[in-house]
Amino acid sequence: MRTYTYGPYGGAYVPEVLHRPLAELTEAFGEALRDPAFLQEFQHILTHYVGRSTPLFHAANLSRKYDCQVYLKREDLAHTGAHKINNTIGQALLAKRMGKKRVIAETGAGQHGVATATAAALLGLECTVFMGSVDARRQEANLFRMRLLGAQIQLVESGSKTLKDATSEAIRNWIATADDTYYIIGSALGPSPYPKIVQTFQSVIGSEIRSQFYQQHLRHPDAVIACVGGGSNAIGTFSGYYEDRDVRLYGVEAGGYGLASGQHAAPISEGNKGILHGFFSYFMCDENGNIRDTHSVSAGLDYPGVGPELAWLADSGRVEYIDATDEQALAACMELARCEGILPALESSHAIAAIPVVAAKHGPGCHIVVTLSGRGDKDMGILQEKLQP
Ligand SMILES: *Cc1c(COP(=O)(O)O)cnc(C)c1O
């Protein structure tokens with residue numbers, strides 16, 4: 001069986017009972033990609049249900065302000081309001097193809113849970129979502145949304161009762177149910193082949209940007225920016241430009257209260273190598289691999305690690321990493337709302353906050369594409385608490 005690795009990162013560090021389910025998944029994924037009917041059905045749903053392609057919008061007001069040309073990839077306009085739906089549709093189709101009746105998922109803020117419940121409803125699959133009880137209390141609206149969509153919610157009471165623990169519980173459940181159950185992982189991480197699967201389904205973002213930008217300008221942008229949680233919107237965006245060496249790629253991690261405070265979610269900028277949830281990568285951990293608590297104002301960036309491909313792209317230097325603090329992200333959120341009439345998700349606001357930094361590096365008139373991974377409606381509670389407009 002093929003195990004996907006990225007330099008030293010990735011792999012499949014899992015208990016033996018998962019070797020067979022992961023081997024079957026690797027095989028089924030490879031076959032699906034060679035089957036034109038599968039790819040056609042995926043494309044059909046992306047077009048007619050998700051609403052792709054999403055626009056590449058020239059943000060003229062922001063461009064004027066920073067003396068550069070800013071283009072926003074509007075994943076916030078995709079069905080359910082973020083890029084996550086691209087991946088859940090792809091994996092739910094894969095689950096059906098494998099003859100599975102039920103899908104499970106982990107969720108933190110609830111965005112991946114909602115996207116999974118949505119795909120399951122569309123494709124007639126049973127759905128159980130694992131969610132830490134602390135997160136469930138913080139994200140009541142998404143909890144209710146998932147129930148409306150027909151999903152069962154399994155509250156997780158172990159550990160810190162947040163995303164990390166929900167992920168561990170989902171893996172445990174999969175071990176017991178893999179015969180009829182497909183586990184839909186929500187970011188470009190987990191044991192092989194998951195990082196490859198998620199990157200593949202999210203690469204639609206990067207390939208659209210590449211052709212949209214080229215059609216408009218007959219050239220490539222100077223810089224491309226995406227926020228980094230587990231890394232699915234970033235890897236989906238960046239993979240469109242791997243081979244174009246003159247296009248600089250910037251990943252923006254969650255700086256929380258600042259890297260020096262230790263309270264952040266920036267495992268690449270300020271973490272160590274380790275293993276969690278079946279893969280080797282950078283994590284928020286000490287030298288002995290013990291996972292630390294994370295902090296970010298945006299729940300979707302709060303995972304203590306990063307996908308293996310982004311770790312490798314950090315070591316090789318192909319992707320440069322910067323961070324934006326809570327405060328900078330909140331300010332960027334309001335700035336984009338005021339400047340362009342677009343209220344971004346707090347995750348995406350981290351990428352917006354990086355625009356002046358990247359513009360300064362590349363000089364006046366440079367062309368910058370930013371992936372706007374989602375819309376801000378879900379963050380209304382926290383925005384009301386933190387901002388006085
Ligand atoms: C979940 C989420 C993220 C972070 O996840 P990635 O896998 O790093 O993309 C970013 N933006 C939004 C809107 C999200 O919902």
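Each ligand, and each atom within it, is numbered from 1 in the order the structure gives. Everything numeric here is computed off the predicted structure, so don't read it as measured data. Atoms considered below: every heavy atom in the structure, side chains included; atoms not considered: hydrogens, waters and symmetry mates.
Looking at ligand 1, you'll find an N or O of G230 within less than 3.5 Å of one of its N or O atoms. For ligand 1, the polar-atom distance check finds no N/O of K378 at less than 3.5 Å from any of the ligand's N/O atoms. On a distance-only criterion, S373 and ligand 1 share at least one N/O pair closer than 3.5 Å. Distances between N or O atoms of G229 and those of ligand 1 include at least one value under 3.5 Å.
Using a cutoff of 4.0 Å between basic side-chain nitrogens and carboxylate oxygens, E126 and K101 are not scored as salt-bridged. A salt bridge is defined here as a Lys NZ or Arg NE, NH1 or NH2 lying under 4.0 Å from an Asp or Glu carboxylate O, and R338 with E335 fails to meet this definition. Residues R52 and E75 are paired through a salt bridge, judged by an N-O separation under 4.0 Å between the basic side chain and the carboxylate.
For ligand 1 and S187, the ligand atoms under 4.0 Å from any heavy atom of the residue are 6 (P), 7 (O). The distance from ligand 1 to the heavy atoms of Q111 drops below 4.0 Å at these ligand atoms: 15 (O). Close contacts between ligand 1 and G300 involve ligand atoms 4 (C) [criterion: under 4.0 Å to a heavy atom]. Taking every heavy atom of G231 and a limit of under 4.0 angstrom, the matching atoms of ligand 1 come to 6 (P), 7 (O), 8 (O). Atoms of ligand 1 found under 4.0 Å from any heavy atom of G374, numbered from 1 in the order shown, are 13 (C). The distance from ligand 1 to the heavy atoms of S232 drops below 4.0 Å at these ligand atoms: 6 (P), 7 (O), 8 (O), 9 (O).
Using a distance-only test at 3.5 Å, with no hydrogens or angles considered, a donor-acceptor pair links the side chain of T325 to the main chain of Q328. Not one N or O on the side chain of W312 forms a donor-acceptor pair closer than 3.5 Å with the backbone of Y9. A donor-acceptor pair under 3.5 Å is absent between the side-chain atoms of T237 and the main chain of T371, judged by distance alone.
Residue contacts with ligand 1: H83 is included, with a non-hydrogen atom under 4.0 Å away.
Of all the heavy atoms of K84, the ones lying under 4.0 Å from any atom of ligand 1 belong exclusively to the side chain.
By the side-chain hydrogen bond (donor to acceptor under 3.5 Å, both in side chains) test, Q263 is found to be paired with no residue, residues two or more places apart in sequence or in another chain being considered.
Hydrophobic clustering (side-chain heavy atoms under 4.5 Å, transitive across Ile, Leu, Val, Met, Phe, Trp, Tyr) keeps L249 apart from V198.
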